[in-house]
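Below is one structure, written out as structure tokens, with a few remarks after it.
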Amino acid sequence: MAAATIALIEGDGIGKEVVPEGVKVVEAAARAFGFDLKWDRLDWGCDHHARLGRMMPQDGLDRIAGHDAIFLGAIGWPTVSDVESLWTLLMPIRRNFQQYVNLRPVRLFEGVSSPLANPGSIDFYIVRENNEGEYSEVGGRMFPGTDQEMVIQDTVMTRFGCDRVMTFAFELARKRKRKLTSATKSNGIIHTMPYWDERFRAVAKNFPDVATEQYHIDILTAHFVHRPSSFDVVVAGNLFGDILSDLGPAVTGTIGIAPSGNINPERRFPSMFEPVHGSAPDIAGRNIANPIGQIWSGAMMLEHLGAKEAAQAIVTAIERVLASGENLTRDMGGTASTVAIGQAIADAVSVHPAEARRHG
Ligand code: IPM
Ligand code: MN
């Protein structure tokens with residue numbers, strides 16, 4: 001098989017520390033299972049902005065449109081406004097490459113303690129709409145700086161956009177426990193959210209074998225805390241999905257381990273894999289950031305590329321290292337460094353590929 005070409009963007013802050021650990025582990029797994037990867041390293045981010053006045057080159061998207069995947073660390077640094085840094089790099093990639101599914105697994109691992117006294121077994125997916133909704137460029141400001149100052153930001157929901165992400169979620173649910181939860185707020189947001197519910201019911205008709213439930217986002221956050229083990233697949237619009245995908249991992253102990261795939265299911269464009277967490281300027285450069293979110297994102301990338309055994313070997317290695325309790329970063333109650341935990345997982349992948357294969 002020809003080598004898969006990966007656009008590698010460390011980005012900013014702890015992205016520069018966790019990405020090398022992600023690459024180390026992905027390389028170890030790829031090597032163990034005979035999968036060839038070519039990394040195209042791109043220095044895009046806030047340093048690039050400081051030097052050249054933009055987050056990525058003008059033809060940046062064209063340069064990576066033909067790549068097989070994008071492996072991203074984190075974007076954002078206090079020297080550049082979030083609107084500038086995120087909306088000229090992260091968002092254009094998500095949108096122009098039609099990565100309309102943001103897939104975010106939530107799992108409680110042995111060895112990591114949940115803040116809940118009795119968490120039960122937690123293992124579900126959040127399917128977040130990733131291209132429209134509340135994250136919209138429609139709106140504006142009038143009468144700036146005056147007493148009449150006003151701002152409007154419109155939420156955009158399309159039939160096409162709702163149906164395609166919901167269809168993905170139903171198909172995922174069908175491969176799992178056949179249960180799909182939808183996040184709504186149709187009692188307060190009376191145009192877009194009833195429409196979301198309407199499309200959910202319409203798409204559900206194509207999946208009569210999948211049980212459905214719908215909750216308003218306020219009570220759903222309470223259910224995430226009170227009975228996280230009851231969820232299997234949760235589908236949500238852009239903003240609710242964003243919030244739930246920090247809350248879910250927090251309930252499993254730390255958002256430091258949480259991965260995500262920004263997926264273009266049709267594979268017309270590359271998909272992008274990045275941790276759920278941000279660039280964390282407060283702890284950047286100290287070798288204490290948790291690299292597992294990045295490493296697990298690497299496993300999702302390998303799976304997407306068809307290297308299923310290599311992907312499973314990484315997840316198994318993460319399980320093993322966490323369960324041993326010896327390599328926990330600060331957010332998990334330990335003192336291990338970023339590099340130490342990355343190395344431990346890479347070692348576990350290289351030493352036990354055959355065993356990992358059996359587990360898969
Ligand atoms: C995420 C992040 C981004 C989002 C921010 C950085 C714009 O929080 O990937 O969850 O809200 O999508
Ligand atoms: Mn977020």
Side-chain angles (χ1 to χ4, degrees), residues 9-16 18-19 22 44-46 49 55-56 69-106 124-139 153 155-157 161 165 183 217 220-221 224 234-252 254-264 270-284 289-298 300-301 331:
I9 309 170
E10 292 183 350
D12 306 309
I14 60 169
K16 296 185 208 290
V18 295
V19 166
W44 302 351
C46 291
H49 191 278
M55 295 292 290
M56 66 172 164
I70 304 160
F71 196 47
L72 174 82
I75 299 299
W77 195 248
T79 50
V80 183
S81 79
D82 284 344
V83 176
E84 169 80 7
S85 64
L86 294 159
W87 284 82
T88 63
L89 181 49
L90 185 74
M91 294 302 176
I93 293 176
R94 286 182 179 174
R95 286 168 187 230
N96 285 282
F97 291 161
Q98 297 280 311
Q99 295 166 351
Y100 60 85
V101 170
N102 197 325
L103 183 62
R104 299 185 151 179
V106 179
F124 65 91
Y125 278 90
I126 295 168
V127 176
R128 169 188 176 190
E129 201 291 318
N130 207 33
N131 275 183
E132 54 180 43
E134 301 80 3
Y135 284 52
S136 129
E137 289 137 293
V138 182
Q153 174 137 22
T155 294
V156 174
M157 275 188 197
V165 73
I217 186 66
L220 183 55
T221 61
F224 262 47
V234 180
V235 66
N238 210 333
L239 180 61
F240 294 166
D242 179 47
I243 296 165
L244 291 175
S245 58
D246 269 25
L247 178 59
V251 165
T252 69
T254 171
I255 81 158
I257 61 171
S260 76
N262 300 269
I263 295 178
N264 173 241
S271 294
M272 174 166 67
F273 300 84
E274 58 167 334
V276 170
H277 65 71
S279 60
D282 53 326
I283 60 160
N290 190 338
I292 293 181
Q294 187 76 48
I295 293 167
W296 190 0
S297 299
M300 291 179 76
M301 179 171 76
D331 56 311

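Numbering of ligands and ligand atoms starts at 1, following listing order.
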If I take atom CZ from residue Arg104 and atom CD1 from residue Ile126, how far apart are they, to the nearest 0.5 angstrom?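 The distance works out to 8.0 Å.
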
Audit row: Ile70, Asn262, side-chain contact (heavy atoms from CB on, under 4.5 Å) steps and yes/no: CA-CA 9 Å; Ile70 304 160; Asn262 300 269; over 6 Å; no

Hey, which atoms in ligand 1 end up nearer than 4.0 Å to a heavy atom of [X]?
X      : result
Tyr135 : 4 (C), 11 (O), 12 (O)
Leu86  : 6 (C), 7 (C)
Arg128 : 1 (C), 4 (C), 9 (O), 10 (O), 11 (O), 12 (O)

What protein heavy atom sits nearest atom 10 (O) of ligand 1, and how far off is it?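 Checking every protein heavy atom, the shortest distance to atom 10 (O) of ligand 1 gives Asp242 OD1, 2.8 Å.
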
So which atom in Ile9 and which in Ile93 form the shortest heavy-atom distance, rounded to 0.1 Å?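 Closest heavy-atom pair between Ile9 and Ile93: CD1-CD1, 4.3 Å.
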
Is there at least one pair of N or O atoms, one from Asn102 and one from ligand 1, spaced under 3.5 Å apart?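 Between Asn102 and ligand 1, no N or O pair is found under 3.5 Å apart.
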
Would you mind telling me which of Asn238, Thr155, Asp242 makes a side chain to side chain donor-acceptor pair (under 3.5 Å) with Tyr135?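 Of all the options given, the one that passes is Asp242.
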
Establish, from distance only, whether the side-chain atoms of Asp12 and Ser279 form a donor-acceptor pair under 3.5 Å.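 No, no side-chain donor-acceptor contact under 3.5 Å.
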
Glu132: which residues meet the side-chain hydrogen bond (donor to acceptor under 3.5 Å, both in side chains) condition with it, sequence neighbours left out?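 Here the qualifying residues are Thr158.
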
Does the side chain of [X] reach to within under 4.5 Å of the side chain of [Y], using non-hydrogen atoms?
X      : Y      : value
Met300 : Pro105 : yes
Val234 : Val127 : no
Val138 : Gln153 : no

Nearest option to atom 7 (C) of ligand 1, as decided by whichever heavy atom of Arg104, His277, Glu134, Met91 sits closest: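 Of the listed residues, Met91 has the closest heavy atom.
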
Polar protein atoms near the Mn ion (ligand 2) [N, O or S; cut-off under 2.8 Å]: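 Those protein N, O or S atoms (cut-off: under 2.8 Å from the Mn ion (ligand 2)) are Asp242 OD1.
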
